Every structure is written in C-alpha cells, then in structure tokens.
Peer 1: 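My questions all concern the structure below.
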Amino acid sequence: CKVVGDKVYALLFQGASSELITLQYSSNSYTLTSTVPITLDSGVEIATIDMDGNGRLWIASDIVTEIVLRWSDSPYTTWSSPITIATGINSDDISTITSFDNKIGILWSNQNTKRFGFKTHIDGTNVTTWSADEVPASQSALNIGLGMADDHLNVVAGSDGTLYCAV
C-alpha cells in the first residue's frame, strides 16, 4: 500500500493477474474509487509498490530468474512493459521498492551470488536509467553455506534519506 494524502493505492497481489485499487478517505471512511487489472509475469512470487517524488507509481517483481520493474503515471490505469533490473537470480529470490531522497530504490536478493543487489533511479530521469548495482554489505558477507542473501526483505527510509533494511 502507498498512502498519499487522502488516497490509498493498494496492490492486490494475485500472481500474474493482480490489481491496483485506489481508496479515497473522507468522513472517517474509505471509498473504493478505482480498480485496475495489472498483468504481471508467469511465475511471479511477489510484487511491491511505491511512489516516487514526482507521483509515478512503480511495481517491483520477479520473473523466475529476473527482477523487473513497471511504472505508471497518474491516473495509474496504463502500465509499462517490464524493465529488467537484474538477471541470474534464484527462482526463490524477491525484491522490494522504496522511495527516498528524490530517488526510487530497489533491493533484491540473489541466492545464486549469495548477496543482495540494490539500484537507484533519480526521480524525473529516463525510466531506464538506473545506477550500477551497489551489492550492499558485500564487504561483510562470508562465503559460507547459503551466504548472505535470503528472500525476506523490508526497507524503510528515514527522514534524512538513510535506508534501513531488514533482511
């Protein structure tokens, strides 16, 4: 879910046949104002949404061995084709997306490399322009067992732009 003023945008994840609903808050209650079908890829395990500083909604999801993004501008009825952010992941890997510091960031697990990946996109730039993979905390990772990566992710941005990641 993403709350923006008196609206709530909620991704109702149902695999490849998901929906984005919009709720309007008024007089101590919510009213459903729109339902938009969103076709994700076959084999998708999970999807998350967030909105960048310019009001563009983003969906991050997986396609078996890839991490992809889709985007839509208001009124969020038409969605882009997938933009591939990472390849070579394990079929059990996932991603999450968050807005912070005039950027949108995507964190994903890669159990094949035993690391996490992270890229950012500056609000308002070309939708296909993303930073290089930062491979967060790679200096701390030990090459033992399954390594550092796993498919449990949560990211929250602090008011100063610091990202706090629970993995």
Side-chain angles (χ1 to χ4, degrees), residues 1-5 7-11 13 18 20 22 36 38-41 43-76 78-142 146-167:
C1 293
K2 179 66 178 180
V3 178
V4 181
K7 292 185 180 179
V8 176
Y9 302 95
L11 178 65
F13 180 75
S18 296
L20 178 75
T22 304
V36 176
I38 297 178
T39 303
L40 300 175
D41 302 282
V44 61
E45 183 177 354
I46 195 68
T48 61
I49 65 168
D50 207 348
M51 183 180 287
D52 70 19
N54 291 339
R56 176 171 284 160
L57 270 176
W58 295 84
I59 296 176
S61 64
D62 57 289
I63 308 176
V64 186
T65 62
E66 297 179 349
I67 298 296
V68 298
L69 294 168
R70 289 174 172 78
W71 60 271
S72 181
D73 291 321
S74 183
Y76 315 116
T78 304
W79 288 83
S80 72
S81 297
I83 300 167
T84 301
I85 293 297
T87 60
I89 64 166
N90 184 291
S91 63
D92 189 40
D93 286 316
I94 62 170
S95 64
T96 189
I97 192 161
T98 193
S99 178
F100 70 105
D101 203 23
N102 297 313
K103 295 179 231 175
I104 195 93
I106 183 168
L107 175 72
W108 68 92
S109 58
N110 187 334
Q111 294 174 68
N112 289 334
T113 63
K114 303 180 182 183
R115 303 291 184 268
F116 291 97
F118 183 75
K119 290 185 179 184
T120 60
H121 169 78
I122 298 170
D123 294 352
T125 61
N126 185 301
V127 295
T128 61
T129 303
W130 287 79
S131 68
D133 183 1
E134 294 182 21
V135 193
S138 60
Q139 71 281 3
S140 301
L142 301 176
L146 297 175
M148 181 182 255
D150 193 10
D151 65 340
H152 302 87
L153 307 172
N154 190 15
V155 177
V156 175
S159 60
D160 65 351
T162 300
L163 291 182
Y164 298 93
C165 306
V167 297

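Note that the structure is predicted; figures quoted are calculated from it, not measured.
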Peer 1: How many angstroms lie between CG in Asn54 and OG in Ser74, if you round to the nearest 0.5 Å?
Peer 2: 12.5 Å
Peer 1: Looking at OG of Ser99 and CD1 of Ile49, how far apart are the two atoms once the value is rounded to the nearest 0.5 Å?
Peer 2: 12.0 Å
Peer 1: Kindly say whether Gly105 contributes a backbone atom to a donor-acceptor pair with the side chain of Thr120 at under 3.5 angstrom?
Peer 2: no
Peer 1: Determine yes or no for a side-chain-to-main-chain donor-acceptor pair under 3.5 angstrom, with Ser80 supplying the side chain and Trp71 the backbone.
Peer 2: yes
Peer 1: Rounded to the nearest 0.5 Å, how far does NZ of Lys7 lie from SG of Cys1?
Peer 2: 15.5 Å
Peer 1: Hey, does the side chain of Asn154 reach the backbone of Ala166 with a donor-acceptor pair shorter than 3.5 angstrom?
Peer 2: no
Peer 1: Could you report the tightest heavy-atom contact between Gly117 and Asp133, atom names first, then the distance?
Peer 2: CA-OD1, 3.2 Å
Peer 1: Over all heavy atoms of both residues, which pair between Gly161 and Phe100 is shortest? Give the atoms and the distance, please.
Peer 2: O-CD1, 3.5 Å
Peer 1: With a 4.5 Å heavy-atom cut-off, do Val4 and Tyr9 have their side chains touching?
Peer 2: yes
Peer 1: Would one find more than 12 heavy atoms of other residues, nucleotides or ligands at under 6.0 Å from atom CD1 of Ile63?
Peer 2: yes
Peer 1: Do Trp130 and Trp58 have their ring centres less than 6.0 Å from each other?
Peer 2: yes
Peer 1: Output the distance between atom CG (Asn112) and atom OG1 (Thr65), rounded to the nearest 0.5 Å.
Peer 2: 9.0 Å
Peer 1: Are the side chain of Asp62 and the backbone N or O of Ile67 linked by a donor-acceptor pair below 3.5 Å?
Peer 2: no
Peer 1: Might you point out which heavy atoms bring Leu153 and Ser95 nearest each other, and give the distance in Å?
Peer 2: CD1-CA, 3.8 Å
Peer 1: Can you check whether Ile94's main-chain N or O pairs, donor with acceptor, with Ser109's side chain at less than 3.5 Å?
Peer 2: yes
Peer 1: So if I apply the side chain to side chain contact (heavy atoms under 4.5 Å, CB included) rule between Phe118 and each of Val155, Leu163, Ile106, which one comes out positive?
Peer 2: Leu163
Peer 1: Are the side chains of Tyr76 and Thr22 in contact, using a 4.5 Å heavy-atom criterion?
Peer 2: no
Peer 1: Given 3.5 Å as the limit, does a donor-acceptor pair link the side chain of His121 with the main chain of Thr129, or not?
Peer 2: yes
Peer 1: Looking at every heavy atom in both Ser18 and Leu40, which two are closest together, and how far apart are they?
Peer 2: OG-CD1, 3.7 Å
Peer 1: Between Asp52 and Ile104, is there a donor-acceptor pair closer than 3.5 Å when you use the side chain of the first and the backbone of the second?
Peer 2: no
Peer 1: Test your reading of the model: is there a side-chain donor-acceptor pair from Asn110 to the backbone of Arg115, 3.5 Å cut-off?
Peer 2: no
Peer 1: Using 0.5 Å steps for rounding, measure from the OG1 atom of Thr113 to the CE atom of Met148.
Peer 2: 11.0 Å
Peer 1: For residues Phe116 and Pro136, report the shortest heavy-atom separation together with the two atoms involved.
Peer 2: O-CD, 3.4 Å
Peer 1: State the CH2-OG1 distance between Trp79 and Thr39, to the nearest 0.5 angstrom.
Peer 2: 12.0 Å
Peer 1: Test side chain to side chain contact (heavy atoms under 4.5 Å, CB included) on Ile59 and Leu20; report intermediate values, then the result.
Peer 2: CA-CA 10 Å; Ile59 296 176; Leu20 178 75; over 6 Å; no
Peer 1: Could you tell me whether the side chain of Thr96 and the main chain of Leu107 form a donor-acceptor pair under 3.5 Å?
Peer 2: no
Peer 1: Work out which heavy atom in Pro82 is nearest to a heavy atom in Arg70; give both atom names and the distance.
Peer 2: CG-NH2, 3.6 Å
Peer 1: Side-chain contact test, heavy atoms from C-beta onward, threshold under 4.5 Å: evaluate it for Thr48 versus Phe13 and give yes or no.
Peer 2: no
Peer 1: Hey, does the side chain of Asp160 reach the backbone of Thr162 with a donor-acceptor pair shorter than 3.5 angstrom?
Peer 2: yes
Peer 1: Going by side chain to side chain contact (heavy atoms under 4.5 Å, CB included), Asp151 matches just one of Asn90, Ile89, Asp92, Ile46. Which one?
Peer 2: Asp92
Peer 1: Any salt bridge linking Arg56 with Asp73? Criterion: basic side-chain nitrogen under 4.0 Å from a carboxylate oxygen.
Peer 2: yes
